[in-house]
Novice: 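Can you keep this structure in mind? I'll have questions shortly.
For the single chain, residues carry numbers from 1 onward in sequence order. These numbers come from the heavy atoms of this one structure, side chains and all, not from hydrogens, waters or symmetry mates. Since the structure is predicted, the reported quantities are computational estimates derived from the model, not experimental observations.
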Amino acid sequence: MSERGERTTDTPGPSVHADCVDSATEAFVAHRNLLFTVAYEMLGSAADAEDVLQEAWLRWVGVDLDSVREQRAYLVRIVTRQALDRLRALGRRKESYVGPWLPEPLLTAPDVAEDVELADSVSMAMLLVLETLQPIERAVFVLREVFDLDYDEIAEAVGKSPSAVRQLAYRARAHVAARRPRGTGSPAEHRAALQAFQRAVETGELQSLLDILAPDVVALSDGGGIKHALLRPIVGADNVARLLAVGWWKRDAERSVELVQINGGPGLLVRVNGEIDGVVAVRVENGYVTGAYHVRNPEKLSRIDQQTAVTR
């Protein structure tokens, strides 16, 4: 009752509000790795994925949880919408990017490679294929093919009808199938390829590298206009080998190369004079390296010294 004897409305007190926030936090944390993976696969950037999660949290904490039938689906819907908005903005940003744009590499745990579909979906090669999709197609492809959401759930997430989503999924699948790696190499083949790169970087010995480079291999390097890098793709085994011979990395500095797990597969972490200088990931098809991706942009390497959890 109020001081005047009038009945007051039942406004939740501080403890009730705190309980709601605690429940929202618990649900968000439980699904956080999944939500990050959704955002990262849509954006190709861990930094932008983290920003999307922050925006999603601010919206989630204001939701009446009693009205939410399926928390996982609801959270994925929030993250998808935020990621779509950011993906469209990123497209404009990439138009002025200096040199080739590569996804932000992630240091991943070895067990990610055990989930073959997840490892393929977060690989540098696949993320570059996803870059060729329209934003809405990319969202539909990721949610359907990677996370196996049904068409009704995807429709709610992207603001389209289920029938429209089916058409988008069909187009996206056909587009990706025409461009995705064929005959993806085994973990052993990936390790052999990276070891050949490692020897080439550390010793300048190129023959073992030439033996596993496909004739039409493509090398891309991303410095973001901050670090020296290739301004265009280099194509062909001889050209890629020559690139290493003349100094993809600084030849007058002390280099160390560590074999690590990058985006679900073997990769190289390169240090120059003790400082992280870049990351190399490769695409292996039928035993040969068909793609080499070298990221030197320091803005994309800020979290490469710690593992990032990805999951489905």
Novice: With a 4.5 Å limit on heavy-atom distance, are the side chains of Val38 and Phe147 in contact?
Specialist: yes

Novice: side-chain hydrogen bond (donor to acceptor under 3.5 Å, both in side chains) for Gln261 and Thr108? Distances and angles first, verdict last.
Specialist: CA-CA 5 Å; Gln261 288 285 320; Thr108 52; 4.7 Å; no

Novice: Kindly indicate whether the side chain of Val310, heavy atoms from C-beta on, has any atom under 4.5 Å from the side chain of Leu106.
Specialist: yes

Novice: State yes or no: do Val52 and Leu58 share one hydrophobic cluster built from I, L, V, M, F, W and Y residues joined by side-chain heavy-atom distances below 4.5 Å, directly or via other members?
Specialist: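 They do share one cluster, since a chain of ILVMFWY contacts under 4.5 Å joins Val52 to Leu58.
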
Novice: Start with the C-alpha gap between Arg312 and Asp148, add the side-chain angles, then the distance that decides, and say whether salt bridge (charged side-chain N to carboxylate O under 4.0 Å, His left out) holds.
Specialist: CA-CA 9 Å; Arg312 288 197 294 165; Asp148 199 30; over 6 Å; no

Novice: Between Arg283 and Val289, does a side chain to side chain contact (heavy atoms under 4.5 Å, CB included) hold up when you go through it step by step?
Specialist: CA-CA 6 Å; Arg283 181 176 72 205; Val289 175; over 6 Å; no

Novice: Nearest 0.5 Å please: distance from the CZ atom of Arg242 over to the CD1 atom of Ile234.
Specialist: 9.5 Å

Novice: About how many Å separate CG of Leu43 and CD of Gln82, when rounded to the nearest 0.5 Å?
Specialist: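 Spacing of CD (Gln82) from CG (Leu43) equals 11.0 Å.
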
Novice: Do the side chains of Tyr288 and Glu189 get nearer than 4.5 Å, heavy atoms only?
Specialist: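 No, too far: nothing below the 4.5 Å cut-off.
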
Novice: For Ala157 versus Leu143, what's the shortest heavy-atom pair and its separation?
Specialist: CB-CD1, 4.1 Å

Novice: Under a 4.5 Å side-chain heavy-atom rule over Ile, Leu, Val, Met, Phe, Trp and Tyr, are Trp101 and Leu90 clustered together?
Specialist: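 No, it is not one cluster - the side chains of Trp101 and Leu90 are not joined through contacts under 4.5 Å.
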
Novice: Measuring from Ile212:CD1 to Gln195:CD, what's the distance to the nearest 0.5 Å?
Specialist: 10.5 Å

Novice: Taking Val116 as the starting point, is it possible to reach Ile262 by hopping between hydrophobic residues whose side chains are less than 4.5 Å apart?
Specialist: no

Novice: Could you tell me how the ring of Phe36 sits relative to the ring of Tyr40: parallel (under 30°), tilted (30 to 60°) or perpendicular (over 60°)?
Specialist: parallel

Novice: Going by the rule ring-ring contact (aromatic ring centres under 6.0 Å, His included), which residues pair with Tyr74 if we only count those two or more places apart in sequence or in a different chain?
Specialist: Trp60

Novice: Going from NE2 on His31 to OG1 on Thr37, what distance comes out if it is rounded to the nearest 0.5 angstrom?
Specialist: 13.0 Å

Novice: Answer yes or no: is there a side-chain heavy-atom contact under 4.5 Å between Val112 and Leu118?
Specialist: yes

Novice: Name all residues meeting the salt bridge (Lys or Arg N to Asp or Glu O under 4.0 Å) criterion together with Arg72; count only those two or more places apart in sequence or in a different chain, and write none if there are none.
Specialist: none

Novice: Would Asp277 and Arg271 pass as an ion pair if we require N to O under 4.0 Å?
Specialist: no

Novice: I need the minimum non-hydrogen distance between Ala155 and Ser161, along with the two atoms involved.
Specialist: CB-C, 3.9 Å

Novice: Can you tell me how far CD of Glu95 sits from CZ of Arg92, rounded to the nearest 0.5 angstrom?
Specialist: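 Separation between the atoms: 8.5 Å.
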
Novice: Does the side chain of Ile154 reach to within under 4.5 Å of the side chain of Arg144, using non-hydrogen atoms?
Specialist: yes

Novice: Do other residues, nucleotides or ligands put more than 12 heavy atoms under 6.0 Å from Gln306 CD?
Specialist: yes

Novice: Might you point out which heavy atoms bring Val295 and Pro103 nearest each other, and give the distance in Å?
Specialist: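 Between these two residues, the closest heavy atoms are CG2-O, 4.0 Å.
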
Novice: Side-chain heavy atoms nearer than 4.5 Å, only ILVMFWY residues, links allowed to pass through others: does that put Leu65 and Ile78 together?
Specialist: yes

Novice: Check the pair Lys300 / Asp222 against salt bridge (charged side-chain N to carboxylate O under 4.0 Å, His left out), numbers first and verdict last.
Specialist: CA-CA 9 Å; Lys300 296 184 178 182; Asp222 179 346; 2.6 Å; yes

Novice: Side chains of Val270 and Val279: closer than 4.5 Å at any heavy-atom pair?
Specialist: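 When only atoms from C-beta onward are counted, Val279 and Val270 do not touch, as no gap falls below 4.5 Å.
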
Novice: When you look at Phe28 and Leu53, which way does the side chain to side chain contact (heavy atoms under 4.5 Å, CB included) test go after all the steps?
Specialist: CA-CA 10 Å; Phe28 194 88; Leu53 259 62; 4.3 Å; yes

Novice: Would you say the side chains of Arg303 and Thr308 form a donor-acceptor pair under 3.5 Å?
Specialist: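 There is such a pair between these side chains.
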
Novice: Check this for me: Glu299, atom CD, are more than 12 non-hydrogen atoms of other residues, nucleotides or ligands nearer than 6.0 Å?
Specialist: no

Novice: Of all residues at least two apart in sequence or in a different chain, which pass the salt bridge (Lys or Arg N to Asp or Glu O under 4.0 Å) check with Glu145?
Specialist: Arg173

Novice: Do other residues, nucleotides or ligands put more than 12 heavy atoms under 6.0 Å from the NZ atom of Lys160?
Specialist: no

Novice: I'd like to check the side chain to side chain donor-acceptor pair (under 3.5 Å) partners of Ser96; sequence neighbours left out, ordered by chain and number.
Specialist: none

Novice: Which is it for Thr25 and Trp57 under the side chain to side chain contact (heavy atoms under 4.5 Å, CB included) test, yes or no, and what are the steps along the way?
Specialist: CA-CA 8 Å; Thr25 302; Trp57 160 249; 3.1 Å; yes

Novice: Do Pro298 and Glu275 have side chains that get closer than 4.5 Å, going by heavy atoms?
Specialist: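 Side chain of Pro298 against side chain of Glu275, heavy atoms only: no contact under 4.5 Å found.
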
Novice: Search all heavy atoms of Ala237 against all heavy atoms of Leu210 and return the closest pair with its distance.
Specialist: O-CD2, 3.9 Å

Novice: So Arg180 and Asp120, side chain to side chain contact (heavy atoms under 4.5 Å, CB included) or not? Walk me through it.
Specialist: CA-CA 10 Å; Arg180 75 187 308 159; Asp120 177 63; 2.5 Å; yes

Novice: Show the numbers, then the answer: is there a side-chain hydrogen bond (donor to acceptor under 3.5 Å, both in side chains) between Asn297 and Tyr97?
Specialist: CA-CA 11 Å; Asn297 184 347; Tyr97 198 80; 2.8 Å; yes

Novice: Please give me the minimum heavy-atom distance between Thr290 and Ala214, naming the atom from each residue.
Specialist: CG2-CB, 3.8 Å

Novice: State, with a plain yes or no, whether a side-chain heavy atom of Leu259 is found less than 4.5 Å away from one of Leu269.
Specialist: no

Novice: Give a yes or no on whether Val235 and Tyr293 share a hydrophobic cluster (residues Ile, Leu, Val, Met, Phe, Trp, Tyr; joining criterion: side-chain heavy atoms under 4.5 Å apart).
Specialist: yes

Novice: If I compare all heavy atoms of Ala119 with all of Gly264, which pair ends up nearest, and what's the gap?
Specialist: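 It is CB-O, 3.7 Å.
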
Novice: Test of understanding: with side chain to side chain donor-acceptor pair (under 3.5 Å), list the residues that count as partners of Asp51, not counting sequence neighbours.
Specialist: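 Result, side chain to side chain donor-acceptor pair (under 3.5 Å) vs Asp51: Arg86.
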
Novice: Quick one: CG on Asp115 to OG1 on Thr311, what's the gap to the nearest 0.5 Å?
Specialist: 7.5 Å

Novice: Table please: side-chain donor-acceptor pairs of residues 125-141 below 3.5 Å, with sequence neighbours left out.
Specialist:
| unit_1 | atom_1 | unit_2 | atom_2 | d |
| --- | --- | --- | --- | --- |
| Glu131 | OE1 | Lys94 | NZ | 2.7 |
| Glu131 | OE2 | Lys94 | NZ | 2.9 |
| Glu131 | OE2 | Arg138 | NH1 | 2.7 |
| Thr132 | OG1 | Val129 | O | 2.5 |
| Thr132 | OG1 | His175 | NE2 | 2.7 |
| Glu137 | OE1 | Gln134 | N | 3.2 |
| Glu137 | OE2 | Arg171 | NE | 3.4 |
| Arg138 | NE | Glu41 | O | 3.0 |
| Arg138 | NE | Met42 | O | 3.0 |
| Arg138 | NH1 | Met42 | O | 3.4 |
| Arg138 | NH2 | Glu41 | O | 2.9 |

